[in-house]
Number of protein chains: 2
Amino acid sequence: MSFPGEGMAEQKIRNMEEFAAASGISRPTVSKYFNDPASVRRTTRERIEAALERFDYRPNIYAMNQNRRLTKTVGIVVPYLADPFFAEIARTIERLCIAAGYRTILLSSHGEPALEIENLDNLRLLRPAGVLLAPLGRASDRTAIERFCADVPAVLFDSRIDDVGEAFIGSDNGQSIALIVDYLCRTGEPPCLFEMKTPANPNARKRHAAYLAIMERLGHPPQIVQIDGHDWEFEAIGYRGGLQAIERRRFATDTVLCSNDRLAIGLLAAAYEKGLRVGRGHGCALRVAGHDDHPFARFTCPPLTTVSQDYAAIAARSVEILLSLIDSERTGSISSGKVVLFDGKLVMRQSA
Amino acid sequence: MSFPGEGMAEQKIRNMEEFAAASGISRPTVSKYFNDPASVRRTTRERIEAALERFDYRPNIYAMNQNRRLTKTVGIVVPYLADPFFAEIARTIERLCIAAGYRTILLSSHGEPALEIENLDNLRLLRPAGVLLAPLGRASDRTAIERFCADVPAVLFDSRIDDVGEAFIGSDNGQSIALIVDYLCRTGEPPCLFEMKTPANPNARKRHAAYLAIMERLGHPPQIVQIDGHDWEFEAIGYRGGLQAIERRRFATDTVLCSNDRLAIGLLAAAYEKGLRVGRGHGCALRVAGHDDHPFARFTCPPLTTVSQDYAAIAARSVEILLSLIDSERTGSISSGKVVLFDGKLVMRQSA
DNA sequence: AAAAAAAGTTAGCGCGCGTAAATTTTATGA
DNA sequence: TCATAAAATTTACGCGCGCTAACTTTTTTT
């Protein structure tokens, strides 16, 4: 029954049964359509889509996921969402997953190992088709993550945990550190490395090692300034550590390479407070470089010279590998611990 | 059958039926327990929890949500997650919801109105118990949000849309702008207002109005510098607009009040590039103040003087109201458009 | 101690969909 | 044209849990 003035407001569709009846197609075929529109005949598809416009029905997610063997959702877990770097890479990943026909669920561990495990436990209940995981790193419960990866197809990115997960996508810290150190040495004094004493992130360790290697190759003695701090508030850590390092004259040269941009932002604030002019011009007392090309690095004073991580590529490749992994899970083929590292690019600004 | 050395590895529990049998309790009672552990007798609860330790069973979320009238999840929608301000307030909200026994699902509209609607559509499918929504503002599809709020208990925060949602929690822009303008006038020249021409956020309009009001009351002519930009990359907008404004000498006084901190961060970068020393000391050409006490405002050069939003209070109150709303939804009582505004506090740093 | 209240048990339906097997219809091509 | 393959349909069952009613047991009250 249709009332004048009600437009398309026909009967309310409550479930797939009713929708199938209204569209003149059997329910199993409609179900097939929703699982893969291309799996039904063109004429059938058109009839369903015509009905779809009239009734705007959408299948019940819970009922779908309860019965499907393969849930059409992928989980995304990042270590610290309040860091715009992770917010942006998560967003890029989300886009790609949705474009591939998956739902997405974004979780942040907020720097807490317990929360990381809780996130994985909760994810497991959702029976996701796959998971993209950027672990906390050192603080992560390796065993728990290993168990999780045994159950769920998982691709790790950003922070590597050796031999965990089906693949790892990240940056080549060796290449990027060599790049920036080489640049700094060519244009001025060799850099000191400014880093946390017990870094949460394994990248920091690789950067440390890469720094030692490149300095040795260039024939300079390594100068490392390690600062305290064990949470994810890197700006605050860099600021406090920077103040101390400046006061105690711990920087052996006038050039500092920070283990990451957020630390550098803190150091810039400390240098400003101490009246040290940062940059490479006349009258500058300090050169400061970072790593990552953080979204805010363009807007520091002075703008931060750094090495970019190609996070668009990291995101794209991570999703690509996960999807193929999900597919091979269905077909039964086996893939193993693939590692993909992308090169960083020098981003020259004013700070060094 | 129990194998030596296997420890607790007893039979695998597949569903609540099996778990109930293993724990010696009937399934309906176990179901009651999972819906509210306090609803069963203490001795029963202890028996269930003992079994829980042996088998680590957890009910199937999809089956639960399919049959429950009230899903134990709340949705959180923020306009732009790459802004640490929203990331942190979202986290605070998450904590509170989880503590209250709810699952949480975090979505970001990423500055795109279409995505905001999509988020709400997807949320609706999840039949959440309630939603905490920080809308995009001007760009939001008011009708769509209204429809959503008619179906789902929703509390709006941060950005108000008049007469939409059951409640709104935010900051008192009138109070906070008066506070900072008054401070700036007492300590130097009266401020110009630095804002976007067509701000995405309704708070910006209220701050504009509040600026006019307080300047009038203090007997100063208002000076407004409006800049172009219509996305959420406020730092970039503030930077470009700041460069132009400085070049064309559009600031009538030496003091600038930015509509928000991210704009201020951009302006600081522009001032630095133009060689304008920012601060309130001798030799400073410009005073810059912001609004919000953004997580990064402490680390700008110079550190940014601003007005803090009490986002802990905003988060707490939003959740509190939503939960009572959900509860009254069950009991049938009716509440109406409550509005709660929190005062800002002056955060004096070095930039003004 | 008996009576009342509370908690637990048994039994069974329903939710909305996936999926498999068997059957019928439609498209393909020689 | 007809045999054959491909697609769609029908039929039927199962997923894991919420929820209710009627009944039984345990606990609390007086």
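Here is how names work: the chains are called A, B, and so on, in the same order as the sequence lines, proteins then strands, and each is numbered from 1.
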* Does B:Arg58 come within less than 4.0 Å of B:Asp56, counting only side-chain N to carboxylate O? -> no
* To do: Let me know the distance between CD of B:Glu17 and P of C:dG12, rounded to the nearest Å.
  => 13 Å
* Asked: With B:Ser159, which residues qualify under side chain to side chain donor-acceptor pair (under 3.5 Å), at least two apart?
  -> B:Asn201
* Separation of atom NZ in B:Lys72 from atom C1' in D:dG18, rounded to whole Å -> 15 Å
* Quick one: does B:Gln66's side chain have a donor or acceptor within less than 3.5 Å of a partner on B:Tyr62's backbone? -> no
* To do: Can you tell me the distance, in whole Å, between the NZ atom of A:Lys32 and the P atom of C:dG18?
  => 13 Å
* To do: Select base, sugar-phosphate, or nothing to describe what A:Pro59 touches, counting heavy atoms under 4.0 Å on all strands.
  => sugar-phosphate
* **Whichever of A:Arg14 and B:Thr29 has its nearest DNA chain C nucleotide further upstream toward 5'** => B:Thr29
* **Proximity to the side chain of B:Ser26 - top-ranked nucleotide from C:dT9, C:dC15, C:dC17** => C:dT9
* Judged by atom type as modelled, is there a donor-acceptor pair below 3.5 Å linking the side chain of A:Ser39 to the main-chain atoms of A:Asn35? -> no
* What is the nucleic acid contact for B:Ser31, judged by heavy atoms within less than 4.0 Å: base, sugar-phosphate only, or nothing? -> sugar-phosphate
* **side-chain hydrogen bond (donor to acceptor under 3.5 Å, both in side chains) partner of A:Tyr33, the single match among A:Arg45, A:Glu49, A:Arg47** => A:Glu49
* Identify whether any heavy atom of A:Phe34 sits under 4.0 Å from a base atom; if not, whether one sits that close to sugar-phosphate; answer base, sugar-phosphate or nothing. => nothing
* Asked: Got a donor-acceptor contact below 3.5 angstrom from the B:Asn67 side chain to the B:Ala63 backbone?
  -> yes
* **Helix axis bend for the helix from C:dA1-D:dT30 to C:dA30-D:dT1 - C1'-based end axes, five pairs, 10° rounding** => 0°
* Whole-Å gap separating C1' (D:dG18) and CZ (B:Arg127) -> 11 Å
* Out of D:dC17, C:dG8, C:dA11, whichever nucleotide has its closest atom nearest the side chain of B:Pro28 -> C:dA11
* Asked: When only distance counts, do a donor and an acceptor, one from the side chain of B:Arg27 and one from the base of D:dG18, lie under 3.5 Å apart?
  -> yes
* Look at the side chain of A:Ser23 and the backbone N and O of A:Phe19, then say whether any donor-acceptor pair between them is shorter than 3.5 Å. => yes
* Begin with the C-alpha distance, continue with both residues' side-chain angles, and end with the deciding distance and a verdict on side chain to side chain donor-acceptor pair (under 3.5 Å) for A:Glu18 and A:Tyr57. => CA-CA 10 Å; A:Glu18 290 186 14; A:Tyr57 159 79; over 6 Å; no
* Structure fact -> B:Asn60 atom CG is separated from D:dC17 atom P, nearest whole Å, by 6 Å
* To do: May I ask you to say what B:Tyr33 touches in the nucleic acid, namely base, sugar-phosphate or nothing, with a heavy-atom cut-off under 4.0 Å?
  => nothing
* Structure fact -> 5' to 3', nucleotides 23-28 of chain C under a 4.0 Å protein heavy-atom cut-off (B base, S sugar-phosphate only, - none) gives ---S--
* For A:Arg14, does the CZ atom have more than 12 heavy-atom neighbours from other residues, nucleotides or ligands under 6.0 Å away? -> no
* Structure fact -> Per nearest nucleotide of DNA chain C, the residue lying toward the 5' end, B:Ala63 or B:Thr44, is B:Thr44
* CZ of B:Arg47 versus C1' of D:dT26: gap in Å, rounded? -> 12 Å
* Structure fact -> Taken to the nearest whole Å, CE/A:Met16 to P/D:dT9 is 13 Å
* If you look at every strand shown and take non-hydrogen atoms under 4.0 Å, does B:Asn35 touch a base, only sugar-phosphate, or nothing? -> sugar-phosphate
* Could you state the CG-P distance from A:Asp36 to C:dC17, rounded to the nearest angstrom? -> 18 Å
* Among D:dT20, D:dC15, C:dG8, find the nucleotide with the atom closest to the side chain of A:Gln66. => D:dC15
* **Separation of A:Asp158 CG from A:Ser318 OG (nearest 0.5 Å)** => 9.5 Å
* Asked: A:Val40 or B:Asn15: which one's nearest nucleotide on DNA chain D is closer to the 5' end?
  -> A:Val40
